[in-house]
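First the structure, in the form of structure tokens, and then the observations on it.
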Amino acid sequence: MLSVKGLKASVGDEPILKGLDLEVKPGEVHAIMGPNGSGKSTFAHVLSGREGYEVTGGSAELDGEDLFELEPEERARLGLFLAFQYPVELPGVNNMYFLKAALNAIRKSRGEEELDAVSFMRLMKEKLKILHLDDSLLKRPVNFGFSGGEKKRNEIFQMALLEPKLAILDETDSGLDIDALRIVADGVNALRSPERSMIVVTHYQRLLDYIQPDHVHVLAKGRIIRSGGKELALELEEKGYGWIVEGEAA
Amino acid sequence: MSAIPAEATTAEEKVETTGQYDELVNAGYEHGFITEIESETLPPGLDEGVIRTISARKGEPEWMTEWRLAAYRKWLEMPTPTWASVHYPPIDYQSISYFSAPKKKDGPKSLDEVDPALLETYEKLGIPIEEQKALAGVAVDAVFDSVSVATTFREKLHEAGVIFCSISEALQEYPELVQKYIGTVVPPTDNFYVGLNSAVFTDGTFVYVPKNTRCPMELSTYFRINEAKTGQFERTLIVADEGSYVSYLEGCTAPQRDENQLHAAVVELIALDDAEIKYSTVQNWYPGDENGKGGIYNFVTKRGDCRGARSKISWTQVETGSAITWKYPSCILRGDDSVGEFYSVAVTKGMQQADTGTKMIHLGKNTSSTIVSKGISAQHGQQAYRGLVRIAGKAEGARNHTQCDSLLIGDQSAAHTFPYIEVKNPSAKMEHEATTSKISEDQLFYCRARGLTEEDAVSMIVNGFCKEVFNELPMEFAVEAQKLLSISLEGAVG
């Protein structure tokens, strides 16, 4: 599925990622945790192709395809999905229309037939049901005037609809109250499947109470310094990041 | 909501950016081709002899010839307006040819008689007349160069008593109607370009909708400039008699040329008691090459007179073409309880310049007006919204709402807003809202991360921005306008 080897990336002259390795197999959920400024969001952005980051070394392949050779939209069509930490507002662009255009762009690139309005509506209703969401968000402009919780739910809904191979959730828990967190987590859990992998980027262990990861990694100073099972997250919750980061430095 | 004191105010907002998008705006002009048809063209130059020749060739009544000559004499004394925020070299009015007509002597009676090359031109534009004919509800009076060459649906309109013909024909067949209304909204002395138009106009459209008649279909005219160096001086006159309704669509494209083409049209609308006129325009004239060379100069005067009580005039325009646009479709709200509306989308890219907006002149009691202007600038596009709202002393209870939004793409474009508000009656309610926004990198990346290309993203965001205006367009036109906008912004972001 995803294979990242020795990834180095910088913003301007400042190196952020300094040799990151990560292997994700189909169906696995990986949590990437770490203190602020450790490079968690940079990692998510570099994989999805955001401008402003320079890859200075290493490789990242999704199903054998070199991600760094592809434009962001090509990566998305290949099955990479980024749930944004701060979903962007698109005033005037109807959410439903946006989703249909996105889904059809992806289907078209795979040589699949584009969905007409009726089939799209049917698919949408099905996904809403899975996620226990109502359709009130769909008639509004994309993320425009949404509350923080609504924005995150909309991200999860997009994920459900676009059916990615690999979803990266970039601090999806940030800014959510406990109820919203649970809705989002339930959505993510409903979308787990043997074919779909997920990378959950988070600062707090809290989200992992609801989304059970197969693997937990600690990212600090641009590298993964510790990997383990779910118990690692609990340990971090208890002791904070300091002991690992300092231990690494020593 | 804010009340504005009964004093004149003007303000200018200016926003410029600098930055990163360059490649997305370089799509070539799709409709750039020239139809090879022999034309009967007068040599360049303008004097009273030329005007007499035009009038004579068109077999006009004597009063019309004199009207033209009077306009010409006044025009000679008028200065070129310089107040607009546009820049271009002086125009040599003696180097323009003022008359050009396809060579066939008699007008065609059916499509079979139309020069096949003309039909081919329309097909290239995606508006084959056959298809237009089939499109129920749309009658096309296609103006090719300066003489009408095809008219459809005349009979159906005739049954309803609606007159829809070229203004030349109207001068022959309904001279008293034309004489009664022409120049009553836009007098020949109104401004420099109107003076010129009044002297030399060669064709255009005339519509008369009789009392208590709802025009049975949308009326549509496609204008097209096809003769090198032939200025186009269209004249449109639409009269909606008491209790009538008409919707008129105007759409334009022009072939690519290496020389600036002047277009100085005049459109006059008259709505009597309880009448409504809806006038929609999609304008896509050649904007010039990357350096702005060769585009159309579009200096148009459009004005509607809500002459009767409870009358309504609504302008909707989508302006994507021309090197320079100078255009202010306006409403004179003379009748009590009359309503004026202006919905506009204007796009400038490359070296295009546009100074456009509207004037709402409130004279009657309880008159109301709405202005929604959406300006989009990309590359080096320059755009100014210029709008006047005037509430006269006797206009008790007048209301205006103005919304003026600008969207910038890239870092070289500019948008300016010049609202002029003059309120002489303290009972007036005025609202003015203005925003400037930019398509952000974040928005583009968000769309791309969902599988959409940058161009799809821009087109989606721009169409969202313009939605309020597109909603005012008749269905077929709205689709065309969206497509046009996407085409014209191809390559506008990079």
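A, B, ... follow the sequence lines: proteins, then strands. Residue 1 opens every chain. Nothing here was measured: the structure is a model prediction, and the numbers come from that model. Quick note: numbers below take in every heavy atom, side chains included, and nothing from hydrogens, waters or symmetry partners.
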| Checking heavy atoms, do the side chain of A:L162, its backbone, both or neither come under 4.5 Å from chain B? | side chain

| task | Sort out for me which of A:S109, A:A101, A:P72, A:P91 touches chain B most, counting heavy-atom pairs under 4.5 Å. | result | A:P72

| message | Filter on side chain to side chain donor-acceptor pair (under 3.5 Å), then keep only pairs touching residues 66-76 of chain A, sequence neighbours left out; what's left? | response | A:E71-B:R448, A:E73-B:R448

| With a 4.5 angstrom heavy-atom cut-off, which part of B:C466 approaches chain A: side chain, backbone, both or neither? | neither

| task | Flag the pair A:F98 / B:L452 as yes when at least one side-chain heavy-atom distance between them is below 4.5 Å, and no otherwise. | result | yes

| said: If I compare all heavy atoms of A:A76 with all of B:A449, which pair ends up nearest, and what's the gap? | reply: CB-O, 3.4 Å

| Would you say A:Y53 has more than 12 foreign heavy atoms packed within less than 6.0 Å of its OH? | yes

| note | Distance col, row A:R77:CZ vs B:R450:CZ, nearest 0.5 angstrom, shows 13.5 Å

| field | Flag if over 12 foreign heavy atoms under 6.0 Å of CZ, A:F120 | value | yes

| query | Less than 4.5 Å apart, any side-chain heavy atom of A:F84 and any of B:D442? | reply | no

| note | Residues B:G451 and A:A105: closest non-hydrogen pair is O-CB, 3.4 Å

| query | Are more than 12 heavy atoms from other residues, nucleotides or ligands located less than 6.0 Å from atom CD of A:E51? | reply | no

| said: Take a 6.0 Å sphere around NZ of A:K8 and say whether it holds more than 12 heavy atoms from other residues, nucleotides or ligands. | reply: no

| said: On a heavy-atom basis, which atom in B:F445 and which in A:G49 lie closest, and how many Å separate them? | reply: CE1-C, 3.7 Å

| Are B:C447 and A:L90 close enough that some pair of their side-chain heavy atoms sits under 4.5 Å apart? | yes

| field | chain B contact residues among residues 139-147 of chain A, heavy-atom distance under 4.5 Å | value | A:V142, A:N143

